[in-house]
Amino acid sequence: MGWFAVFGGGHNWSDPQTLLTAGLTDGDCLLVRGTMMLEFHLPESARPEPLLLYSQGGDWPLRLALQAVPGGGLSFVLEQNGAVLHQTLNPTSLGRTGRLRLIYAWDAPARTGRLTLERPDGSQMQIAALAGPKPWRLRDLQALIGPLGYVAPAVEYLALSSCMEPAGPAPALLPSTPIATPEGYRALNSLQRGDLVLSSSGEAVPVLHVVERKVPALGSFAPVRLRAPYFGLQRDIHAAPFQRLVLSGSEVEYLFGQPAVLVPAGNLLGTGTALPGVSGTPLITYRQAVLPDHEPLLAAGAMTESLFLGRLRRDPQRLAASLLAPLGAAALPEHRQPKFPVLRAFDAAVLAERRIA
């Protein structure tokens, strides 16, 4: 089970096989657990601006309204058969970013749900617990992206899943990415807990966990192709836009007064060192390793961040919503904040131009 529909970015895709596996054979079937995920740019307006609207009457009355409200807030209202879920979230506490991700996940039999608003890299989030969510009829979910629903132009995509999808720290490298180990390069999808990889200092460090996630290949998950020979790459690799490279050298010290900087792959687009990747399908699988002290990995010759967890283990709500929840807090390391600055797109472009020259 998993993603069964993706709308946006030129895609209007659905997967009948996933629906059949989930036991959803016709439009009247109930999706008792699932996820609605969308990414959008928050409009700035002095009046409420709808992002997602749908309503219907009849024997299964339903109304969904997601709106951006003045002051930078978000209002989520879901009415199903007389039951009302209403939450207001304030994205400004996450810092102003061009893109935000909203995840509504529900498990009706367990009478639990959550509404999560997060930055594209999953590093910061707000989670609102929802009690007693109702199941959805399949036809109503499908109608969201039909003529009866409204999806604002500010919404980059809307995706639907038949399970509760995680939020928070997310892997960002393709499983086939070659990772340096003491025995030579190995594909990321061959690494397991306990294997050794080489850090930026050349020291061998153990892999604590390897996590994998399938996501829509759109928005903040749309792959970026990092080109060799830039940044030490021996071959092109693909990464999510929020995957950060660890760059050092004389140009870095001269331009930024730091021994190293962090550069999100997406900030290199348009510089010649990176191009939009092509996944070929509406979904893509990413993988990443968790290391003890958040050491960088040597990926095809370039230093890339391993999965950053911060203090996730200390936050039960965030941990429960995350991809790492099955591991438990005791099995997770605690990572200090990176000591190097993260370059904005303009500064990343300046550095990339120096590397090209």
Side-chain angles (χ1 to χ4, degrees), residues 121-123 168-213 224 226-240 242-253 258-265 268 285-314 319 322-343 355:
D121 61 1
S123 62
L173 291 175
L174 290 191
S176 59
T177 305
I179 302 297
T181 75
E183 292 77 34
Y185 277 97
R186 290 176 53 185
L188 182 53
N189 60 6
S190 73
L191 296 179
Q192 302 178 34
R193 176 179 170 86
D195 288 343
L196 297 178
V197 295
L198 295 180
S199 70
S200 56
S201 64
E203 180 184 2
V205 296
V207 173
L208 298 185
H209 306 286
V210 179
V211 294
E212 186 173 280
R213 186 182 178 190
V224 174
L226 298 170
R227 300 177 61 204
Y230 305 112
F231 315 119
L233 283 168
Q234 301 166 6
R235 48 162 278 191
D236 291 3
I237 63 172
H238 288 75
F242 54 86
Q243 172 65 55
R244 301 192 293 201
L245 302 180
V246 184
L247 302 182
S248 58
S250 58
E251 306 106 317
V252 171
E253 294 188 20
Q258 298 283 342
V261 292
L262 303 175
V263 181
L268 295 169
T285 298
Y286 288 118
R287 193 174 175 92
Q288 188 53 286
V290 178
L291 303 183
D293 293 319
H294 185 224
E295 298 91 341
L297 292 163
L298 191 61
M303 282 298 167
T304 60
E305 269 196 311
S306 57
L307 190 63
F308 176 66
L309 302 186
R311 296 186 173 186
L312 181 67
R313 57 179 289 176
R314 297 194 185 191
L319 177 58
S322 76
L323 187 64
L324 297 117
L327 301 175
L332 299 180
E334 189 168 308
H335 293 155
R336 295 167 292 179
Q337 285 292 330
K339 58 184 177 180
F340 303 124
V342 179
L343 294 192
R355 291 292 172 94

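As the structure is a prediction and not an experimental result, all values here were calculated from the model. Numbers here simply count residues along the sequence, with the first being 1.
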S.K.: What residues, two or more places apart in sequence or in another chain, satisfy side chain to side chain contact (heavy atoms under 4.5 Å, CB included) together with Ser200?
M.R.: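 Pro296, Met303.
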
S.K.: Side chain to side chain contact (heavy atoms under 4.5 Å, CB included) with Val211: which of Pro171, Ser322, Pro326?
M.R.: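 The residue from Pro171, Ser322, Pro326 that satisfies side chain to side chain contact (heavy atoms under 4.5 Å, CB included) with Val211 turns out to be Pro171.
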
S.K.: Testing the basics here: between Leu233 and Ala228, what is the closest heavy-atom pair and its distance to 0.1 Å?
M.R.: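 For Leu233 and Ala228, the tightest heavy-atom pair comes out as O-CB, 3.4 Å.
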
S.K.: How close do Pro259 and Ser248 get, heavy atom to heavy atom, and via which atoms?
M.R.: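 Between these two residues, the closest heavy atoms are O-CB, 3.2 Å.
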
S.K.: Any idea how His294 and Phe308 line up, ring-wise: parallel (<30°), tilted (30 to 60°), or perpendicular (>60°)?
M.R.: tilted

S.K.: Identify, with sequence neighbours excluded, every residue that meets side chain to side chain contact (heavy atoms under 4.5 Å, CB included) alongside Glu253.
M.R.: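 With sequence neighbours excluded, Glu253 shows a side chain to side chain contact (heavy atoms under 4.5 Å, CB included) to no residue whatsoever.
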
S.K.: Restricting to pairs with a member in residues 199-212, which pass salt bridge (Lys or Arg N to Asp or Glu O under 4.0 Å), not counting sequence neighbours?
M.R.: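 Found Glu212-Arg287.
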
S.K.: Residues in ring-ring contact (aromatic ring centres under 6.0 Å, His included) with His209, at least two apart?
M.R.: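 His209 satisfies ring-ring contact (aromatic ring centres under 6.0 Å, His included) with no other residue.
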
S.K.: Supply the atom-to-atom distance Tyr230 OH to Leu268 CG, rounded to the nearest 0.5 angstrom.
M.R.: 12.0 Å

S.K.: Rounded to the nearest 0.5 Å, how far does CD1 of Ile179 lie from OG1 of Thr304?
M.R.: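 CD1 of Ile179 is found 5.5 Å from OG1 of Thr304.
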
S.K.: Once salt bridge (Lys or Arg N to Asp or Glu O under 4.0 Å) is applied, do any residues pair with Asp293, and if so which ones, sequence neighbours excluded?
M.R.: none

S.K.: For Arg186, give me all partners under side chain to side chain contact (heavy atoms under 4.5 Å, CB included), at least two apart in sequence or on another chain.
M.R.: Thr181, Ser190, Leu191, Asp195

S.K.: Is the backbone N or O of Pro264 less than 3.5 Å from a side-chain atom of Glu305, with the two atoms forming a donor-acceptor pair by type?
M.R.: no

